[in-house]
Trainee: 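Take a look at the following structure, please.
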Amino acid sequence: MKKEHVSDLLPEYLDNALSKTKAVKVEKHLSTCGECQKELDELRILFKAIADEPDEVPSDRLRSKFEEALELEKATTTKVVSISEGYKKSSWASNMLKVAASIALLVASFQMGSVFQQKKVSNDLAIVQNESLQLKQTAMLSLMENQSASKRIQGVNYIEEFPNPDESIVKALTNRLLYDENDNVRLNAFEALSKFTSSETVKTAFIEALGTEKNPSIQIAIIQALVQIQEKKAIGPMQKLLEREDTQPFIKNEIKLGLPKII
C-alpha cells in the first residue's frame with residue numbers, strides 16, 4: 001500500500017474480491033483516511049454507472065443488415081441469369097459494383113456506430129463527473145457544519161475542487177467567515193473567498209466582516225483585499241474603524257495606507 005493508502009485495493013474491495021483479512025485492513029484504513037474514502041465514493045459512482053449501462057451488441061445489427069443485403073443481391077442475380085449470355089458478362093461487373101457498394105455501406109455503418117458509441121461513452125463520463133461533483137459539494141457543505149473545527153476547515157478547503165463554485169458554496173463560506181467561532185476556520189474561509197472577489201456576495205461579506213472581525217490578522221487581510229479590488233463601498237466601514245477607540249493602532253495605520261488607493 002503505497003504511502004499507506006489503499007487505492008490499489010479499492011476496486012477489489014468493491015467487488016468483494018479481497019480476503020477477509022485484507023478487507024478488514026481496508027475498512028480500518030478508510031475509517032481514518034478521508035482521501036481514500038473520497039476515492040472509494042467516486043469509484044462507487046463509476047461502478048454504478050457502468051452497472052446501470054445496458055449492454056449493446058452492434059455486431060448483431062450489422063450482421064442482420066448484411067444478410068438482408070446478401071438476400072437482395074441473390075434475388076437480383078437470379079433474375080439476371082435468365083437473360084442472354086452476353087448480357088450476363090456485362091451484368092457481372094455491375095453486380096460486383098453493387099456488392100462493393102454494399103460492403104462500403106456496411107463499413108460506413110460500422111464506423112458510424114463506433115462514433116456514436118464513443119459519444120455515448122463521453123456522455124456517460126460527463127454524467128459520472130457531474131455526480132462526483134455533486135457528491136463533493138454535499139460533503140463540503142456537510143463538513144462546514146460539523147462541530148469539529150478541524151472538520152470545518154477540511155470542508156472549507158474543499159473549495160479547491162470547485163474552480164467555479166455556485167452560490168450555495170459561496171454563501172456557506174461567507175457564513176464561516178462571519179459567524180464561525182474559531183479563528184482558524186474564519187481565516188481559511190477568507191483565504192478561500194479571496195479567490196472570488198468579483199462576486200458581490202463575497203464583497204458584501206468582506207465589508208460586513210470589517211465591523212465584526214476581532215482577529216487582527218484577519219482584519220488586515222480583509223482590508224488589503226478590499227483595497228486591492230478598490231471596493232468603494234468599503235470606505236465608510238473603514239472610516240468607522242478609524243474612529244473607534246478599540247481599533248488597534250496598526251489596523252488604523254493599514255487603513256490610512258489603503259484608503260487613498262480607493263478614494
Trainee: Return the CD1 to CD distance between I222 and E231, rounded to the nearest 0.5 Å.
Mentor: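 If I round to the nearest 0.5 Å, the distance is 13.5 Å.
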Trainee: Rounded to the nearest 0.5 Å, what's the gap from CZ on R186 to CG on L193? Could you check?
Mentor: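 Here the interatomic distance stands at 13.5 Å.
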Trainee: Are L177 and I153 connected, step by step, through hydrophobic side chains (Ile, Leu, Val, Met, Phe, Trp, Tyr) whose heavy atoms are closer than 4.5 Å?
Mentor: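 No, it is not one cluster - the side chains of L177 and I153 are not joined through contacts under 4.5 Å.
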Trainee: Kindly indicate, with the supporting measurements, whether the criterion side chain to side chain contact (heavy atoms under 4.5 Å, CB included) is fulfilled by M238 and I235.
Mentor: CA-CA 5 Å; M238 285 186 185; I235 294 174; 5.9 Å; no
Trainee: Between atom CG of L30 and atom CG of L9, what is the distance when rounded to the nearest 0.5 Å?
Mentor: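 Result: 10.0 Å between the selected atoms.
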Trainee: Could you check if a side-chain atom of Q224 sits within less than 4.5 angstrom of a side-chain atom of V227, using non-hydrogen atoms only?
Mentor: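 SC-SC contact between Q224 and V227 ruled out.
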Trainee: For E208 and Y179, work out which heavy atoms get closest and say how close.
Mentor: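 Smallest heavy-atom distance, with atoms named: OE2-OH, 3.7 Å.
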Trainee: Tell me whether F196 shares a hydrophobic cluster with L178, the cluster being built from Ile, Leu, Val, Met, Phe, Trp, Tyr side chains joined at under 4.5 Å.
Mentor: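 Hydrophobic grouping puts F196 apart from L178.
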Trainee: Give a yes or no on whether L173 and L210 share a hydrophobic cluster (residues Ile, Leu, Val, Met, Phe, Trp, Tyr; joining criterion: side-chain heavy atoms under 4.5 Å apart).
Mentor: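 Same cluster.
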Trainee: Would you find a donor on one side and an acceptor on the other, under 3.5 Å apart, between the side chain of S194 and the backbone of E191?
Mentor: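 It does hold such a pair.
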Trainee: State, to 0.1 Å, how close V185 and A149 come at their nearest heavy-atom pair, and which atoms those are.
Mentor: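 Between these two residues, the closest heavy atoms are CG2-O, 3.7 Å.
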Trainee: Please examine the side chains of R176 and E145, heavy atoms only from C-beta on, and report whether any two atoms are closer than 4.5 Å.
Mentor: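 Yes, at least one pair of side-chain atoms sits under 4.5 Å.
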Trainee: Heavy-atom count around K252 NZ within 6.0 Å, excluding the residue itself: above 12?
Mentor: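 It does: K252 NZ has more than 12 such atoms within range.
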Trainee: Return yes when atom CD of E167 has more than 12 non-hydrogen atoms of other residues, nucleotides or ligands closer than 6.0 Å, and no otherwise.
Mentor: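 Yes, CD of E167 has more than 12 neighbouring heavy atoms, counting only those of other groups under 6.0 Å.
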Trainee: Please give me the minimum heavy-atom distance between K233 and I207, naming the atom from each residue.
Mentor: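 Minimum heavy-atom separation between K233 and I207: CB-CD1, 3.6 Å.
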Trainee: Is there a side-chain contact between M144 and N175 in this structure, where contact means two heavy atoms from C-beta onward sitting under 4.5 Å apart?
Mentor: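 They are not in side-chain contact.
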Trainee: Can you tell me how far CD of E254 sits from OG1 of T247, rounded to the nearest 0.5 angstrom?
Mentor: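 One finds 13.0 Å between OG1 of T247 and CD of E254.
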Trainee: Could you state the interatomic distance from CG (L187) to CG (N184), rounded to the nearest 0.5 Å?
Mentor: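 L187 atom CG to N184 atom CG measures 6.5 Å (nearest 0.5 Å).
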Trainee: Between V26 and L40, is any pair of side-chain heavy atoms under 4.5 Å apart?
Mentor: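 Heavy-atom side-chain distance check fails, nothing below 4.5 Å.
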Trainee: Could I get the full list of side-chain contact (heavy atoms from CB on, under 4.5 Å) partners for K22, not counting sequence neighbours?
Mentor: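 Partners of K22 under the side-chain contact (heavy atoms from CB on, under 4.5 Å) test: L18, S19.
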Trainee: Residues two or more places apart in sequence or in another chain: which of them pass salt bridge (Lys or Arg N to Asp or Glu O under 4.0 Å) with K38?
Mentor: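 Listed in chain order: E161.
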Trainee: Go through the steps to decide whether N146 and Q154 satisfy the test side-chain hydrogen bond (donor to acceptor under 3.5 Å, both in side chains), and finish with yes or no.
Mentor: CA-CA 10 Å; N146 197 282; Q154 183 181 348; over 6 Å; no
Trainee: Would you check, one step at a time, whether the test salt bridge (charged side-chain N to carboxylate O under 4.0 Å, His left out) holds for E243 with K240?
Mentor: CA-CA 5 Å; E243 296 169 0; K240 288 182 180 179; over 6 Å; no
Trainee: Strictly by ring-ring contact (aromatic ring centres under 6.0 Å, His included), give each pair with a member in residues 205-258 just once, sequence neighbours left out.
Mentor: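 Checked against ring-ring contact (aromatic ring centres under 6.0 Å, His included) - neighbours excluded - the pairs reaching residues 205-258 are F190-F206.
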Trainee: So, does Q37 use its side chain to make a donor-acceptor pair with the main chain of S31 at under 3.5 Å?
Mentor: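 Answer holds: no.
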Trainee: Can you tell me if K261 uses its side chain to pair, donor with acceptor, with the backbone of Q230 under 3.5 Å?
Mentor: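 The answer is no, because no donor-acceptor pair under 3.5 Å joins these two groups.
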Trainee: What heavy-atom pair brings K214 and R244 nearest, and what distance separates the two atoms?
Mentor: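 Where K214 meets R244 most closely, the heavy atoms are NZ-NH2, 3.2 Å.
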Trainee: Looking at K136 and E160, is there a salt bridge between them, counting it only when a charged N and a carboxylate O are closer than 4.0 Å?
Mentor: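 Salt bridge: no.
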Trainee: Taking all non-hydrogen atoms of both residues, which atom of T197 and which atom of V202 are closest, and how far apart?
Mentor: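 Minimum heavy-atom contact is CA-CG1, 4.2 Å.
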Trainee: Considering all heavy atoms of both residues, which atom of C36 and which atom of V6 are nearest to each other, and what is their separation?
Mentor: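 The pair with the smallest heavy-atom distance is SG-N, 3.5 Å.
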Trainee: Roughly how far, to the nearest 0.5 Å, is the CD1 atom of I220 from the CD1 atom of I218?
Mentor: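 Rounded to the nearest 0.5 Å, the CD1-CD1 separation comes out at 11.0 Å.
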Trainee: If hydrophobic clusters are built by linking Ile, Leu, Val, Met, Phe, Trp and Tyr wherever their side-chain heavy atoms come under 4.5 Å apart, do I223 and L242 end up in the same one?
Mentor: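 Yes, I223 and L242 fall within the same hydrophobic cluster.
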Trainee: Counting only N and O atoms by type, is there a donor-acceptor contact under 3.5 Å from the side chain of R152 to the main-chain atoms of Q147?
Mentor: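 Looks like yes, one N/O pair under 3.5 Å.
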Trainee: With a sphere of 6.0 Å drawn around CD of Q228, does it hold more than 12 non-hydrogen atoms of other residues, nucleotides or ligands?
Mentor: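 Result for CD/Q228: open.
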